[in-house]
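Read the structure below first, then the notes.
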2 protein chains.
Amino acid sequence: MEAASKASSAPNGRGRRATRASGDDRERAILDTAEKLLEERPLSEISVDDLAKGAGISRPTFYFYFPSKDAVVLTIVDRLVADAAGSREEALATLAQGDPRAGLRKALEDLYAAFRSRRTVALAAAELRPTNSEARDLWSQVMEGWVSDATAVIEAERARGAAPPGQPARDLAIALVQMNERVQYATFAGESPSLEDERVLDVLVDVWLRAIYGAPEPD
Amino acid sequence: MEAASKASSAPNGRGRRATRASGDDRERAILDTAEKLLEERPLSEISVDDLAKGAGISRPTFYFYFPSKDAVVLTIVDRLVADAAGSREEALATLAQGDPRAGLRKALEDLYAAFRSRRTVALAAAELRPTNSEARDLWSQVMEGWVSDATAVIEAERARGAAPPGQPARDLAIALVQMNERVQYATFAGESPSLEDERVLDVLVDVWLRAIYGAPEPD
DNA sequence: GGACTGTATCAACACCATGTCGATTAAGTC
DNA sequence: GACTTAATCGACATGGTGTTGATACAGTCC
């Protein structure tokens with residue numbers, strides 16, 4: 001089904017069949033159109049024709065640049081994820097030396113900010129996940145990265161005696177990372193029971209701290 | 001778009017246009033076919049024709065019984081939710097008097113078991129949510145129920161001095177309930193970073209207990 | 001037992017979105 | 001100025017959805 005590919009120069013193999021000329025602009029135009037339309041309506045209500053029209057080309061021509069609507073979104077998500085990875089590096093450094101509490105807050109803040117700034121893209125990615133295996137794989141990787149970071153932090157804190165023992169670090173990390181994903185998604189989507197934007201971080205940080213540093217058998 | 005409706009006797013207005021005769025069997029056959037097919041493949045890969053064929057009728061006849069594929073799934077989900085509501089009542093009672101810790105564990109256990117026993121339906125519901133507003137509303141209601149239950153428990157525990165103050169009870173409840181949803185979904189779907197089936201409850205209960213009973217500023 | 005009513009059924013149709021094919025134009029090379 | 005290769009699109013094939021209209025098939029009811 002989905003092949004590997006990977007074109008000449010650009011560090012991104014989704015779409016384009018080995019090109020060179022002014023088609024770069026068109027590719028951009030399609031991506032920009034997609035982001036613009038996602039501000040207005042969900043992915044499911046955007047057709048290939050909408051993207052083509054928005055980029056000033058016909059529908060068949062669209063397929064010259066991308067193999068499908070999904071591929072367009074995945075390309076955009078790729079970049080969002082890459083940006084988020086940047087702040088993750090940074091946060092990890094902060095976390096490494098200095099107060100892990102402050103570092104943790106900063107890490108969660110940066111991550112939240114990264115996705116918040118392009119929430120419609122994040123929502124589209126979530127919409128894609130159930131039906132698109134490539135989207136699932138991409139997100140799996142992203143989650144795995146955060147989980148292993150969090151696992152390392154928890155284990156380090158336990159090793160130096162700052163955090164008590166408890167559930168296996170990785171299991172705890174999975175639950176916490178998934179909580180973050182879900183809570184943030186709900187807020188971005190404006191779901192009915194959801195945290196207000198300004199409250200998200202306070203609540204998440206609080207749960208993380210208690211889950212990591214709280215006594216295993218409280219009271 | 002989606003109107004209210006609500007037929008004569010049955011406590012469920014989705015589907016059927018006021019009927020009476022042997023068509024009841026057919027309705028059942030459609031629902032059964034849907035559940036059966038969901039064991040095999042995701043909702044997105046099931047067509048109206050598949051449901052019709054499975055129930056031994058033609059596609060147009062399907063529309064005599066249900067207005068769409070989504071309506072079929074929503075009918076099934078309705079029932080799942082109703083069943084789950086049963087265990088919720090029970091769990092709340094357990095929670096009311098007696099050890100709230102044990103009660104909490106039992107509540108989470110029952111809920112997990114209810115959805116676990118029909119995980120493919122739960123997964124289909126999740127798949128529907130992004131595109132179907134009725135599914136979103138239904139799930140909103142369900143979440144709201146759990147959140148307000150959890151909020152009440154947290155407030156009660158704080159009031160009687162068993163739990164320390166902290167983030168607003170409702171905010172904490174939202175985060176915890178959403179964590180449960182996400183973690184359980186990941187496990188049901190067999191996602192890549194996900195908790196093993198036997199570990200889910202231990203981990204979730206642990207986080208709930210720490211989040212509710214742990215000190216606000218630990219260490 | 002025929003006229004009437006409402007259930008249940010489906011073939012045929014209209015529609016829409018996706019993805020593909022083939023032909024065509026517009027630039028570069030050499 | 002013949003040859004490639006990028007870029008474009010009209011026309012088509014496919015596959016799904018939902019609707020229409022005709023029909024068969026009960027049961028009343030008088």
Side-chain angles (χ1 to χ4, degrees), chain A residues 1-3 5 7-10 14-31 33-34 37 41-74 127-128 130-135, chain B residues 1-3 5 7-10 14-31 33-34 37 41-74 127-128 131-134:
Chain A
M1 312 306 158
E2 275 96 22
S5 72
S8 43
S9 53
R14 199 136 29 222
R16 290 289 288 293
R17 306 138 163 163
T19 305
R20 202 94 310 270
S22 83
D24 269 352
D25 310 346
R26 287 289 152 83
E27 190 168 329
R28 270 244 65 83
I30 292 172
L31 293 168
T33 303
L37 292 183
R41 46 180 193 272
L43 180 59
S44 57
E45 282 165 31
I46 296 173
S47 71
V48 170
D49 203 43
D50 292 334
L51 296 178
K53 285 261 173 54
I57 56 178
S58 73
R59 208 166 55 78
T61 301
F62 166 92
Y63 288 102
F64 180 79
Y65 292 99
F66 292 94
S68 69
K69 177 176 79 175
D70 288 8
V72 176
V73 176
L74 281 169
E127 197 177 336
L128 219 52
T131 49
N132 184 301
S133 68
E134 220 178 326
Chain B
M1 305 310 156
E2 276 95 23
S5 73
S8 44
S9 53
R14 200 138 28 225
R16 290 288 289 293
R17 308 136 163 165
T19 304
R20 202 94 311 268
S22 82
D24 270 351
D25 309 344
R26 287 290 153 83
E27 190 169 329
R28 270 245 63 84
I30 293 172
L31 293 168
T33 302
L37 293 182
R41 48 183 193 273
L43 180 59
S44 57
E45 282 165 32
I46 297 173
S47 70
V48 169
D49 204 42
D50 293 333
L51 296 178
K53 286 260 173 53
I57 55 179
S58 72
R59 208 166 55 77
T61 300
F62 166 93
Y63 287 104
F64 180 80
Y65 293 100
F66 291 95
S68 70
K69 178 176 79 173
D70 288 9
V72 175
V73 176
L74 281 169
E127 197 177 336
L128 219 53
T131 48
N132 184 302
S133 68
E134 220 178 326

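Values reported hereafter were calculated over all heavy atoms of this structure, with side chains retained and with hydrogens, waters and symmetry mates removed. These numbers were taken from a predicted model, which means no experiment stands behind them.
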Pair Asp24(A) + Arg28(A): basic N to acidic O under 4.0 Å
no

Nucleotide dT18(C), atom P - distance to CZ of Phe66(A) in whole Å
15 Å

With sequence neighbours excluded, what pairs up with Arg41(A) under the side chain to side chain contact (heavy atoms under 4.5 Å, CB included) test?
Leu37(A), Glu45(A), Ile46(A), Asp50(A)

Would you mind telling me which of dC13(C), dT18(C), dA8(C) lies closest to the side-chain atoms of Arg59(B)?
dC13(C)

Tell me whether Lys69(B) contacts the main-chain N or O of Leu43(B) through its side chain, where contact means a donor paired with an acceptor under 3.5 Å.
yes

Set of side-chain hydrogen bond (donor to acceptor under 3.5 Å, both in side chains) partners for Thr61(A), sequence neighbours left out
Ser58(A)

Taking the side chain from Glu27(B) and the backbone from Tyr65(B), do they hold a donor-acceptor pair closer than 3.5 Å?
no

Between atom CZ in Arg26(B) and atom C1' in dC10(C), what is the gap in whole Å?
12 Å

For Glu134(A) and Leu74(A), indicate whether the former's side chain and the latter's backbone hold a donor-acceptor pair under 3.5 Å.
no

How far apart are the closest heavy atoms of Ala55(B) and Ile30(B), and which atoms are they?
CB-CG1, 3.7 Å

If you check every side-chain atom of Phe64(B), which of dT18(C), dT8(D), dA8(C) has the closest atom?
dA8(C)

Taking the side chain as everything from C-beta on, heavy atoms only, tell me whether Asn132(A) gets closer than 4.5 Å to Val73(A).
no

Rounded to the nearest 0.5 Å, what separates atom CG in Leu31(A) from atom CG in Leu51(A)?
9.5 Å

Name the closest nucleotide to the Thr61(B) side chain, picking from dT18(C), dC10(C), dT8(D).
dC10(C)

By a strict heavy-atom criterion of less than 4.0 Å, which residues belonging to residues 48-57 of chain A are in contact with DNA chain D?
Ile57(A)

N or O in side chain of Tyr63(A) less than 4.0 angstrom from dA7(D) OP1/OP2:
no

Just how large is the angle between the end axes of the helix from dG1(C)-dC30(D) to dT29(C)-dA2(D), five pairs per end, to 10 degrees?
20°

Roughly, in whole Å, what's the span from NZ in Lys69(A) to C1' in dG19(C)?
13 Å

Holding to side chain to side chain contact (heavy atoms under 4.5 Å, CB included), I want the full list of residues that pass it with Ala52(B), two or more places apart in sequence or in another chain.
Ile57(B), Phe62(B)

Where do Ala34(A) and Val72(A) come nearest, in terms of heavy atoms and distance?
CB-CG1, 3.7 Å

Sugar-phosphate only, base, or nothing, as touched by Ser58(A) at under 4.0 Å among non-hydrogen atoms
base

OP1 or OP2 of dT9(C) under 4.0 Å from side-chain N/O of Tyr65(B)
yes

Starting from P on dA8(C), measure out to CG on Asp24(B) and report it in whole angstrom.
8 Å

Let's see if you can work this out: which of dT18(C), dT17(D), dT7(C) has an atom nearest to the side-chain heavy atoms of Ser47(B)?
dT17(D)

Dump the pairs, protein N or O against N or O of nucleotides 20-27 of chain D, anything under 3.5 Å, distances to one decimal.
none

